[in-house]
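Below is one structure; the comments refer to it alone.
In what follows, chains are A, B, ... by sequence order, proteins preceding strands, each numbered from 1. Quantities reported herein were computed from a predicted structural model and do not represent experimental measurements. Below, each value reflects all heavy atoms present in this structure, side chains not excepted, and no hydrogens, waters or symmetry copies.
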Amino acid sequence: MNTDDQTLIAYLDGELDSQQREALEAALQHDPALQARLAALQDSDERIKAHFDAVLEEPVPAHLLALLEDEAAGTSSGAVTGQGASSTGASWSEQLMELLGFNGWRGWGAVTAALLAGVLIGQMPRQAADDAIWLAGADGYYAAAELASALETQASGVSESGIQVTMSYREDGGGYCRSFVWSAVAQPLAGAACRTDAGWRMQVLSPLAPEQAADYRLAGSALPPAVRSQIEAQIDGAPLSAEQEQLLMQREWR
Amino acid sequence: MQLARRQGATLADVKAEMVAALPRLRRFARALAGHPADADDLVQLAMERALTRYAQWRPESKFESWMFGIMRNAWIDEIRSRQRRGWQSADDEDEALSLPALDGSREQVEAGLSVQQAMALLPDEQRQAVALVLVEGLSYKEAAAVMDVPMGTLTSRLARARDALQRALSGAGSGSDEY
């Protein structure tokens with residue numbers, strides 16, 4: 001029984017060679033007990049995986065990121081390793097954004113939108129609940145009331161209550177997304193969000209210097225690198241025209 | 001970042017890998033330690049150790065495997081020191097169960113609790129094997145290397161662990177009579 005179990009488990013783990021796999025699959029066809037055992041093991045495996053996979057969607061606690069920040073910003077360690085050149089004056093979140101987005105760093109694919117949001121949330125002053133910019137949802141972060149309403153109904157290029165939607169685009173998978181700049185908050189932000197059934201899901205957020213935030217009448221060209229590279233990775237075709245945008249607003253972005 | 005320019009890793013290389021690996025490191029730690037606060041303490045300890053010996057990572061080897069090895073050793077140290085102190089968990093009983101920060105639906109919570117409890121029942125070496133292979137998806141060869149045991153030891157630990165987990169979960173899963 002134990003030998004069978006080990007074979008079934010190796011099968012589930014993808015560790016059997018093709019000959020062993022075929023032999024097991026042949027045996028399974030005529031052995032309902034073996035089939036049931038395989039199904040039971042597979043079921044518990046899937047529950048375990050799903051349980052721990054949920055950790056991936058949690059924001060990374062700020063104190064863990066701070067370990068990397070101290071090292072990067074610390075004058076002595078920068079000098080000792082000769083890695084300090086780019087760290088002068090840039091905040092950790094700027095460095096992080098540069099690291100993640102701008103350098104085309106190969107780790108980009110492994111960093112989810114949820115992590116990015118978590119990273120930045122960890123860096124920013126705690127917000128009172130009633131003026132929250134984003135809310136945690138089942139699978140990421142969603143724009144809260146004020147931002148969500150701007151994304152839903154505000155034409156690109158118009159600035160209202162400190163929120164400017166800079167452009168709208170269609171994403172590769174078929175949905176619609178918009179980039180924005182929010183300057184009327186303690187920490188001005190730029191970002192992009194995509195419309196899902198659950199609301200406007202944050203794709204990327206990046207902090208802005210206040211003087212940058214004041215200067216956003218120009219087209220999206222000046223968006224921070226992290227936001228630009230997110231859009232570049234996601235966009236299908238050209239940005240939407242004002243007419244297309246109007247139509248989509250009427251259709252609630254469907 | 002280019003890969004093949006230096007032999008050893010720089011501190012910047014290790015930090016860049018670490019940022020991307022953090023969610024997985026936290027997942028692995030949760031599987032080892034169970035309690036979320038213990039798990040994040042473990043991640044922190046492993047990060048600190050890795051940053052002081054960053055040059056030991058070879059960019060041609062998998063970063064996660066290197067970190068998992070460091071974290072596993074840190075966890076073993078932690079268990080030993082707890083045994084000397086006489087097992088004291090980080091927090092009170094109520095918080096001793098990991099609740100993923102998701103929607104918290106009843107179904108999800110119940111499934112989560114029983115997985116957490118089932119994992120807690122395993123001997124530590126079996127839990128390590130499950131964390132590496134099932135949770136983190138390492139091959140048997142990679143997992144055996146991280147745990148520094150022969151393949152046969154790994155596979156028999158995995159088989160015992162999976163059998164125990166399957167029993168625990170099927171018992172708990174159907175037990176809606178037990179609140």
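Shown here is B:D148, whose CG atom has no more than 12 heavy atoms of other residues, nucleotides or ligands within 6.0 Å. For B:E125, the CD atom is loosely surrounded, since the number of other residues' heavy atoms within 6.0 Å does not exceed 12.
Note: A:D13 CG to B:L138 CG = 11.0 Å, rounded to the nearest 0.5 Å. Note that the CD atom of B:Q166 and the CG atom of A:D45 stand 9.5 Å from one another [nearest 0.5 Å]. To the nearest 0.5 Å, atoms CG (A:D5) and OG1 (B:T155) are separated by 12.0 Å.
Closest non-hydrogen pair, B:S156 versus A:Q6, comes out as CA-NE2, 3.5 Å. For A:P61 against B:D40, the heavy-atom pair with the smallest separation is CG-OD2, 3.4 Å. Between B:V115 and A:R47 the shortest heavy-atom distance is CG2-O, 3.8 Å.
B:R167 has its side chain out of reach of A:S44: every pair of non-hydrogen atoms, C-beta onward, lies at least 4.5 Å apart. Residues A:L12 and B:R162 meet the side-chain proximity criterion, which asks for heavy atoms closer than 4.5 Å. The closest side-chain heavy-atom distance from A:L65 to B:L22 is below 4.5 Å. A heavy-atom distance below 4.5 Å is not found between the side chains of A:F52 and B:E136. B:M47 has its side chain within reach of A:L64: a pair of non-hydrogen atoms, C-beta onward, lies under 4.5 Å apart. Residues A:H63 and B:V43 have side chains not in contact (no heavy-atom distance under 4.5 Å, counting atoms from C-beta outward). A heavy-atom distance below 4.5 Å is found between the side chains of A:I48 and B:L169.
The pair B:D163-A:R37 counts as a salt bridge, with a side-chain nitrogen and a carboxylate oxygen less than 4.0 angstrom apart. Look at A:D53 and B:R30 and you find no salt bridge, because none of the NZ, NE, NH1 or NH2 atoms lies under 4.0 Å from a carboxylate O.
Within the 4.5 angstrom heavy-atom criterion, no atom of A:A50 approaches chain B.
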From CA spacing to verdict: side-chain contact (heavy atoms from CB on, under 4.5 Å), A:K49, B:V135: CA-CA 6 Å; A:K49 280 190 226 173; B:V135 177; 5.9 Å; no

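Between the side chain of A:E15 and the main chain of B:S139, no donor-acceptor pair closer than 3.5 Å is present.
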